Undergrad: 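Before I ask anything, here is the structure I am working with.
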Amino acid sequence: VTPDTKVFPDFDEDLRASMQKETELFFADILRDNKSVLQFLDADFTYVNGRLAKHYGINGVEGSELQKVASPSSRGGLLTQASILTLTSAATRTSPVKRGKWILEQLLGTPPPPPPPDVPDLDEKKTLSGTLRQVMEQHRENPICASCHARMDPIGFAFENYDAIGKFREKDGQFPIDPSGELPDGRKFQGPAELKTILTEKKELFARSLAEKMLTYALGRGLEYYDKCAIDKILAAQETDNYRIRTLITQTILSDPF
């Protein structure tokens, strides 16, 4: 991923490496201490060095080595780590569509359908005023676009306070950011903290998606309908053990398909 350094002069290879290392160490911590996989959605710790701490606005961290710190409420879990926020952005701006789609597809296992053919991209050359949210609302006036975007965009807009390299901001240009949204089921939220709460409440969806991805990885093939029983058994064992990650791994190894 290559953010435009003219737009984001703070981005360099040191910051890129720190972003990636944070996510790797975060995962390793959950694995090493056999924590609940739900901490991927929200957690009270992370890993930063001086460079990344400055990027996050965390005080009191110096040096190049990443160290474990209590995460501010705005940084708990994978969704607000700079690596994920940068990965799901465009080179010059945030992408609520990419961010929303990533959560639906990778975390909840409920991907939106592919876009219909001949749908125009967001016209960035057109002179439009307002925030990216307001510009995209004009894009969604096309009813063909609206059905899919109604699922993706509200989730993505919850993270608009983070720019395309994951730095916190209050405004999009000169306009204040509105991180509120409403999910298709009618549940409303104000910003990433409330959305994380909703996602954590959907723990069965997240745990199933993660179990399916783990089994896919373990088997080296896509899952078939007859693998559903194995997934159900893995999830039943996890549920009785507070969704701990080692139970996920152990039950994957003990499953019939493996």
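In what follows, residues are counted from 1 in the order of the sequence shown. The model shown is predicted, which means the values in this text are computed figures rather than measured ones. Quick note: numbers below take in every heavy atom, side chains included, and nothing from hydrogens, waters or symmetry partners.
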Undergrad: Hey, could you give me each pair passing salt bridge (charged side-chain N to carboxylate O under 4.0 Å, His left out) that has a residue in residues 63-83? Not counting sequence neighbours.
TA: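 Those involving residues 63-83 are D29-K68.
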Undergrad: Less than 4.5 Å apart, any side-chain heavy atom of R93 and any of D163?
TA: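 With C-beta onward as the side chain, the pair stays apart.
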Undergrad: How about E160 and P96: do any of their side-chain heavy atoms sit closer than 4.5 Å?
TA: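 Side chain of E160 against side chain of P96, heavy atoms only: contact under 4.5 Å found.
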Undergrad: Indicate yes or no: at least one non-hydrogen side-chain atom of S74 is less than 4.5 angstrom from one of Y162.
TA: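 Heavy-atom side-chain distance check passes, below 4.5 Å.
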Undergrad: Should I198 and L107 be regarded as members of a common hydrophobic cluster, given that ILVMFWY residues are connected when their side-chain heavy atoms come within less than 4.5 Å of each other, either directly or indirectly?
TA: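 Linked, I198 and L107 end up in one cluster.
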Undergrad: Between S180 (side chain) and F189 (backbone), is there a donor-acceptor pair under 3.5 Å?
TA: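 Such a contact is absent between S180 side chain and F189 backbone.
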Undergrad: With the side chain counted from C-beta on, respond yes when T200 and K203 share a heavy-atom pair under 4.5 Å apart, and no when they do not.
TA: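 T200 does not reach K203 side chain to side chain.
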Undergrad: Just by modelled atom types, is the Q190 backbone N or O under 3.5 Å from a matching donor or acceptor in the E194 side chain?
TA: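 Yes, the answer is positive, given that a donor and an acceptor are paired below the 3.5 Å cut-off.
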Undergrad: Is the number of heavy atoms from other residues, nucleotides or ligands under 6.0 Å of E62 CD greater than 12?
TA: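 For E62, atom CD is not crowded (no more than 12 foreign heavy atoms under 6.0 Å).
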Undergrad: Could you check whether the rings of F40 and F206 sit parallel, tilted or perpendicular, using 30° and 60° as the cut-offs?
TA: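 Perpendicular, since the angle between the ring planes exceeds 60°.
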Undergrad: For K101 and K98, what are the C-alpha separation, side-chain angles and deciding distance, and is it a side-chain contact (heavy atoms from CB on, under 4.5 Å)?
TA: CA-CA 5 Å; K101 182 174 183 286; K98 281 187 179 180; 5.8 Å; no
Undergrad: Determine whether L78 and L41 satisfy the following criterion, side-chain contact (heavy atoms from CB on, under 4.5 Å), listing intermediate values before the conclusion.
TA: CA-CA 6 Å; L78 284 176; L41 297 176; over 6 Å; no
Undergrad: Could you work out, with side chain to side chain donor-acceptor pair (under 3.5 Å) as the rule, every residue matching E22, not counting sequence neighbours?
TA: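 With neighbours one apart ignored, the set is T46, Y56.
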Undergrad: Which atoms form the tightest heavy-atom contact between T2 and A91, and what is the distance?
TA: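 Between these two residues, the closest heavy atoms are O-CB, 3.7 Å.
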Undergrad: Using a 4.5 Å cut-off on heavy atoms from C-beta on, say whether the side chain of T86 contacts that of P3.
TA: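 Yes, side chains in contact.
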Undergrad: How about R16 and S83: does a side-chain donor come under 3.5 Å of a side-chain acceptor?
TA: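 Per modelled atom types, R16 and S83 side chains form no pair under 3.5 Å.
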Undergrad: Looking at D232 and R208, is any side-chain nitrogen of the basic one under 4.0 Å from a carboxylate oxygen of the acidic one?
TA: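 Counted as a salt bridge, because a side-chain N and a carboxylate O are separated by less than 4.0 Å.
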Undergrad: Scan I155, L79, L205 and name whichever one has a side-chain contact (heavy atoms from CB on, under 4.5 Å) with L199.
TA: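 The single option meeting the side-chain contact (heavy atoms from CB on, under 4.5 Å) with L199 is L79.
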Undergrad: Could you walk me through whether T80 and K196 pass side-chain contact (heavy atoms from CB on, under 4.5 Å), step by step?
TA: CA-CA 10 Å; T80 41; K196 286 179 191 177; 3.0 Å; yes
Undergrad: Can you sort out the partners of F45 under ring pair (Phe, Tyr, Trp, His ring centres under 6.0 Å), two or more places apart, ordered by chain and number?
TA: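 Partners of F45 under the ring pair (Phe, Tyr, Trp, His ring centres under 6.0 Å) test: F26.
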Undergrad: Please check if the number of heavy atoms outside K213 that lie under 6.0 Å from its NZ is greater than 12.
TA: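 Yes, enclosed.
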Undergrad: Other residues, nucleotides and ligands only: do more than 12 of their heavy atoms fall within 6.0 Å of CD on Q20?
TA: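 Count not over threshold, so no.
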Undergrad: Any carboxylate oxygen within less than 4.0 angstrom of a Lys/Arg side-chain nitrogen, looking at D12 and R51?
TA: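 Here D12 pairs with R51 in a salt bridge, since their nearest N and O are under 4.0 Å apart.
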Undergrad: Is the side chain of D241 donor-acceptor paired with the backbone N or O of Y243 at a distance under 3.5 Å, no angle test?
TA: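 Answer holds: no.
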Undergrad: side-chain contact (heavy atoms from CB on, under 4.5 Å), that's the test. Do F159 and T94 meet it? Break it down for me.
TA: CA-CA 9 Å; F159 300 94; T94 59; over 6 Å; no
Undergrad: What is the minimum heavy-atom distance between P192 and A158, and which atoms define it?
TA: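 Answer, listing the atom of P192 first, then A158: CD-O, 3.1 Å.
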Undergrad: Show the numbers, then the answer: is there a side chain to side chain donor-acceptor pair (under 3.5 Å) between T23 and Q81?
TA: CA-CA 7 Å; T23 303; Q81 289 184 7; 2.7 Å; yes
Undergrad: Less than 3.5 Å apart, any donor N or O on the side chain of N49 or S18 sitting next to an acceptor on the other?
TA: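 A donor-acceptor contact under 3.5 Å links the two side chains.
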Undergrad: Are any non-hydrogen side-chain atoms of R244 and L248 less than 4.5 angstrom apart?
TA: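 R244 does not reach L248 side chain to side chain.
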